[in-house]
Visitor: 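Okay, here's the structure, questions in a sec.
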Amino acid sequence: MPETTRPRLLLLDGHSLAYRAFFALPVENFSTATGQNTNAVYGFTSMLVNVLRDEQPTHVAVAFDVSRQTFRTEEYSEYKAKRNKTPGEFSSQLPLIERMLTSFSIPFLKVPGYEADDIIATLVTQALADETSGLEVLILTGDRDSIQLVTDRSTVLYPMRGVSDLSRMTPAFVEEKYGVPPHRYPELAAIVGEQSDNLPGVPGVGAGFAAKWINTYDGLDNVIAQADKITGKKGEAFREHLGDVIRNRRLNALVRDLDLGVTIDDLALKEWDRSSALELLDELEFRGELRTRILDVVAPGEDVQVEAGVELDGTTLTADAVAPWLDKIGDATVGLAVRGAWGSGTGRVDGLALALADGRAAYVDVATMSAADDAAVAAWLADPTRPKVLHDAKGPLLALAAQGWRLAGVVEDTALAAYLVAPDQRSYDLADLTLRYLHRELSQAQDPDQGELLFDDGDDQGGIATSAMVQARAALDLSAELADEVEKAGGHRLLTAVELPLVGILAGMEQTGIAIDVDHLEGLQAHFGEEVRAEAQKAYEVIGQEINLGSPKQLQVVLFDELNMPKTKRTKTGYTTDADALQGLFKQTEHPFLLHLLRHREVIRLRQTIEGLLKTVQPDGRIHTTFHQTIAATGRLSSTEPNLQNIPVRTEEGRRIRESFVVGSGYASLMTADYSQIEMRIMAHLSEDELLIEAFRSGRDFHAETAARVFDVAPDAVTPEMRAKIKAMNYGLAYGLSAFGLSQQLGIEPGEASGLMTEYFETFGGIRDYLTGVVDEARRTGFTETIMGRRRYLPDLTSDNRMRREAAERMALNAPIQGSAADLIKVAMLHTDAALKDAGLASRMLLQVHDELVFEVADGEQDALEALVREQMAGAADLTVPLDVSVGTGRSWHEAAH
DNA sequence: ATTGTCACG
DNA sequence: ACGTACGTGACAATG
């Protein structure tokens, strides 16, 4: 005989559970790419799903508070008044919880003027009224008021700590824990008070005494009636606070007869809306364990595989089969994945995987290709009319180039698309994106036993062909999905007109590399190495011991314990020993150790830089850096292995390293071209500040011009000090400067810095208005935007954490400026590259350093190149101020400085 | 793996 | 009262 399912009603207090989850789970760990916080949704959903799984209810409902205004606040305005203002990070998650419930087909109820507790109390009362139904009730809540609802047919599940441990409150449990039966719990709470509701109780009376009184006198009413019989201090306090107790009792009584317009039958569990549930899980970026747990409960047996069911009709092409296959697919858009390796401007191709939207896919093993195959592949790759989609195309591009294949017709790079949609991500791994946007497990689908991959994989032993084809298909499907997202984020033009075409240019620059004078670099290495040794020796002599000068920990012992120097600014683990602090200490103590230490730092750093560079010189005598297009959230490029964007320049000694970056054989010289004050010019353009625009249009010394305005003197009366102050101010502006930061920078008093800022903003009111406007708008829309429409999402602008909020505000000030500059030089690179090709010049672009481009100049092209580069860089955008470009030429990067 | 320090724009 | 400018990458020391 089949077991009859006992009817069980599960009631949840949505508000209190979500609120608990919000504080239990660190918000940093739970937010989406676009900055939506999800910790409360996550915690609530997790609790809900666990209870659904463990308790198997037949009926479910969730109750919410509508607002803080209820009949209780009407009656007692201080009710819950001590609670902090509900954080925006919390409120924004409530609609998501409601959507989650809707997709689970679980009804949620709200009644204006009443709390979630009252709704639950009403439902419990209804459910228990019908004794024949045998309905059992479970109440999941984070609010202790519900304890009064516990009976032998209704149990409260109360989260103990965090969101995982539930305490099962049966009548016996309540009696054991509080010393009173459940229906008397509110009487006890009335005496003891409830801090979270801002209901003060009787001072000095705890749960123990309260329970004793209630039991002795048989209920609170009798305790009150015979209050004068209670002796001692506690009795006195009780009589004194009788009013509070009576009020508490009135307020903590739950309303049990609301008109909800639903019956218990309406709460029966229904079919889940699987597709909208999945969609929401993706939107919230819930993957991994919770996702699985939800799907297990929501749609048992219909796990991700259903979603991952990508049917691939794949084949590993044998010799001479490539050309016919490529012919068959015509000009369909193809997902392309390259197997091989790449880096340092070169690479190797082992195989190519192609996938089409209709399921066809092929893998070409380069090792077994015939000459005809090679030609067919080469032609297809190079044909711009045969559209291809790749993930992170720059590496494959280099590998293909090393194979002698040119790649054209790349209509989408899914890494770049995902970056434009959410530029703050740490990585844009294909598997992550596939899961986030396609609801598919790349790794799972790779396994032919689990996925639904239907193809003859022939001698594909390691599944290399399979996984490559699956990735090719994933890239293709992703491009379709991301196209919408990019469109929504307004990034379509940026993607197709800037980022995508830039890929090839960057690949070319990496491939070309920059020539290095290794002998010179080795000479410098020996030179600085000797000084490192000598300076360390002197440092050891002064303190009479040999410590590791590179260890902040050992330095702190020497400086602060042994030499008893004043403590510097704190770091997480101790006191800072950075150069600024050491200089400060030297001013106070004049201890020679500090000078040797500082000098040691300086030269060891130079030596390290040199050694790092030497290690990366390739057999061709050149360094081939890797440029990254999806790292910096502002839109800038970054450079690694080695980083050629932070080669020393500020000191004469450091600049000697730049002497080692030289013109390669067969070329005449290096040329650098950089924008002057690009960020301030963008500031002038965006702020439309008349005076600032005028300062730039005058063509005279910008910092001096602005200083003259601020100090209200003639331009020729500006002293070097005045200029230095305003220069620091000008630079600081785009960083969201503070009086403190400015004072540190200039070594002046914060008060003076603050006065300087006031003067500055009075002079350049347009800048002040612009800056406040940027932050306001970003707070409203959730993102900032550059001249080209590049977005950066800054959810922390509404954070309750002051540090986080202010940090986000500074990012909001900086992102449009730094990002627009990045847009501009990228456009300049595209135009310059095109113009070089147009003009048939042999000169080539080697490096980009944010506002500077470095070129290798071919013989006889010096003047033509300079004119071309100036024109393209200055014309990259039409701003209200001119773009000034300064150019220099020489044998080395050092000489090419201007 | 994280922290401190320091190089660049 | 508190910590302080934006964006990166490399290296050594240390947990």
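Order of the sequence lines fixes the chain letters, A, B, ..., with proteins taken first and strands second; residue numbering starts at 1 for each chain.
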Visitor: When we call it a touch if two heavy atoms are under 4.0 Å apart, what does A:G732 touch: a base, just sugar-phosphate, or nothing?
Guide: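 Base, at least one base heavy atom under 4.0 Å.
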Visitor: If you compare every side-chain N and O of A:S639 against the phosphate oxygens of C:dG9 (OP1, OP2), does one of them come in below 4.0 Å?
Guide: no
Visitor: For atom P, what is the distance between C:dA5 and B:dC6, given to the nearest Å?
Guide: 15 Å
Visitor: Of the options B:dC8, C:dC6, C:dG15, whose atoms approach the side-chain atoms of A:K553 most closely?
Guide: C:dG15
Visitor: So, do A:L613 and A:S660 sit near enough that their side-chain heavy atoms are less than 4.5 Å apart?
Guide: no
Visitor: Would the base of C:dC11 count as contacting A:Q608 through its side chain, where contact means a donor and an acceptor less than 3.5 Å apart?
Guide: no
Visitor: Picking from C:dT4, B:dG9, C:dG3, which would you name as closest to the side chain of A:K569?
Guide: C:dT4
Visitor: In terms of side-chain heavy atoms of A:T573, which of B:dG4, B:dC8, C:dT4 is nearest?
Guide: B:dG4
Visitor: Checking all strands, does A:L813 fall into the base, sugar-phosphate, or nothing category for heavy-atom contacts under 4.0 angstrom?
Guide: nothing
Visitor: Within this structure, what is the CZ-to-P distance between A:R792 and C:dC6, rounded to whole angstrom?
Guide: 10 Å
Visitor: Once you apply a heavy-atom cut-off of 4.0 Å, does A:R636 come out as touching a base, just sugar-phosphate, or nothing?
Guide: base
Visitor: So A:E641, base contact, sugar-phosphate only, or nothing? Heavy-atom distance under 4.0 Å.
Guide: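 Here A:E641 touches the backbone only, sparing every base.
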Visitor: Which string of ( ) [ ] | and . matches DNA chain C, if you list each base 5' to 3' and count Watson-Crick or G-U pairs only when both distances are under 3.5 Å?
Guide: .....|||||||||.
Visitor: Over how many whole Å does the gap from A:L613 atom CG to B:dC8 atom P extend?
Guide: 13 Å
Visitor: Considering only B:dG9, B:dG4, C:dG9, which nucleotide approaches the side chain of A:P552 most closely?
Guide: B:dG4
Visitor: Could you check whether A:A579 gets within reach of a base, just the sugar-phosphate, or nothing at all, counting any heavy atom under 4.0 Å?
Guide: sugar-phosphate
Visitor: Rounded to the nearest angstrom, tell me the gap between atom CD in A:Q425 and atom P in C:dG7.
Guide: 15 Å
Visitor: Give A:R802 one of three labels, base, sugar-phosphate or nothing, depending on what nucleic acid heavy atoms sit under 4.0 Å from its own.
Guide: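 If one applies the 4.0 Å heavy-atom cut-off, A:R802 turns out to touch a base.
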Visitor: C:dC6, OP1 or OP2 - any side-chain N/O from A:T634 closer than 4.0 Å?
Guide: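 No, A:T634 has no side-chain N/O under 4.0 Å of OP1/OP2 on C:dC6.
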Visitor: Are side-chain heavy atoms of A:N730 and A:F702 found at a separation under 4.5 Å?
Guide: yes
Visitor: Can you confirm whether the side chains of A:T626 and A:T640 place a donor and an acceptor under 3.5 Å from each other?
Guide: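 Not at all, the side chains of A:T626 and A:T640 share no donor-acceptor pair under 3.5 Å.
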Visitor: Quick check for you: among B:dG9, C:dA13, C:dG7, whose closest atom lies nearest to any side-chain atom of A:N814?
Guide: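 In terms of side-chain proximity for A:N814, the closest of B:dG9, C:dA13, C:dG7 is C:dG7.
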Visitor: Given B:dG9, C:dA5, C:dT4, identify the nucleotide with an atom nearest to the side chain of A:R650.
Guide: B:dG9
Visitor: At under 4.0 Å between heavy atoms, what does A:S738 touch on the DNA or RNA strands: base, sugar-phosphate, or nothing?
Guide: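 Base contact.
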Visitor: Honestly, is A:R791 close enough over A:F783, meaning NZ or CZ under 6.0 Å from the six-membered ring centre and within 45° of the axis?
Guide: yes
Visitor: Contact class for A:A632 (heavy atom, under 4.0 Å): base, sugar-phosphate, or nothing?
Guide: sugar-phosphate
Visitor: Within the structure shown, what part of the strands sits under 4.0 Å from A:I647 by heavy-atom distance: base, sugar-phosphate, or nothing?
Guide: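 Counting heavy atoms under 4.0 Å across all strands, the contact made by A:I647 is with sugar-phosphate only.
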Visitor: Using the P atom as the reference point in each nucleotide, state the distance between B:dA7 and C:dC2 in Å, no decimals.
Guide: 31 Å
Visitor: Grab the CD-P distance between A:E806 and C:dA5 for me, whole Å please.
Guide: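 Atom-to-atom, A:E806 to C:dA5, this comes out as 12 Å.
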Visitor: If you look at every strand shown and take non-hydrogen atoms under 4.0 Å, does A:T609 touch a base, only sugar-phosphate, or nothing?
Guide: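 Touches nothing.
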Visitor: Using the side-chain heavy atoms of A:R605, tell me which of these nucleotides is nearest: C:dT8, B:dC6, B:dG4.
Guide: B:dC6
Visitor: Between A:L737 and A:H628, which has a closest nucleotide on DNA chain C that is more 5'?
Guide: A:L737
Visitor: Classify the ring geometry of A:H591 against A:F593: parallel below 30°, tilted from 30° to 60°, perpendicular beyond 60°.
Guide: perpendicular
Visitor: Looking at the side chain of A:K572, which of B:dT3, C:dG9, C:dG7 is the nearest nucleotide?
Guide: B:dT3
Visitor: Would you say C:dT14 has OP1 or OP2 under 4.0 Å from some side-chain N or O of A:S551?
Guide: yes
Visitor: So, are A:E866 and A:R870 salt-bridged, with charged N and O less than 4.0 Å apart?
Guide: yes
Visitor: Rounded to the Å, how far apart are A:Q848 CD and C:dG9 C1'?
Guide: 15 Å
Visitor: Under 4.0 Å, counting only non-hydrogen atoms across every strand here, what does A:A807 touch: a base, just sugar-phosphate, or nothing?
Guide: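 Nothing: the residue A:A807, judged by heavy atoms under 4.0 Å, touches no strand.
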Visitor: Decide yes or no on side chain to side chain contact (heavy atoms under 4.5 Å, CB included) for A:T630 and A:D392, but give the supporting numbers first.
Guide: CA-CA 9 Å; A:T630 59; A:D392 213 348; 5.8 Å; no
Visitor: Within this structure, what is the CG-to-C1' distance between A:L824 and B:dG9, rounded to whole angstrom?
Guide: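 After rounding, the reported distance stands at 15 Å.
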Visitor: Calculate the interatomic distance between A:R607 atom CZ and B:dC6 atom C1'; express it in whole Å.
Guide: 16 Å
Visitor: Would you mind reading off the distance between A:N646 atom CG and C:dG9 atom P, rounded to a whole angstrom?
Guide: 10 Å
Visitor: Hey, can you tell me if A:Y428 and A:Y419 have their rings parallel, tilted or perpendicular (30° and 60° cut-offs)?
Guide: perpendicular
Visitor: Is there a donor and acceptor pair, one atom on the side chain of A:Q745 and one on the base of C:dA5, closer than 3.5 Å?
Guide: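 When only heavy-atom distances are counted, A:Q745 does reach the base of C:dA5 through a donor-acceptor pair under 3.5 Å.
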Visitor: Under 4.0 angstrom, heavy atoms only, what part of the nucleic acid is A:N643 near: base, sugar-phosphate, or nothing?
Guide: sugar-phosphate
Visitor: With A:R570 as the cation and A:Y575 as the aromatic partner, state whether NZ or CZ is under 6.0 Å from the six-membered ring centre and within 45° of the axis.
Guide: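 A:R570 over A:Y575 ring: yes.
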Visitor: Any side-chain donor paired with an acceptor under 3.5 Å for A:Q872 and A:T832?
Guide: no
Visitor: Counting side-chain heavy atoms from CB outward, which of C:dA5, B:dT5, C:dA10 is closest to A:Y735?
Guide: C:dA5
Visitor: Of the options C:dT8, B:dG4, C:dT14, whose atoms approach the side-chain atoms of A:T571 most closely?
Guide: B:dG4
Visitor: Is it the case that the ring center of A:Y735 lies less than 6.0 angstrom away from the ring center of A:Y731?
Guide: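 Distance test on ring centres: not under 6.0 Å, no.
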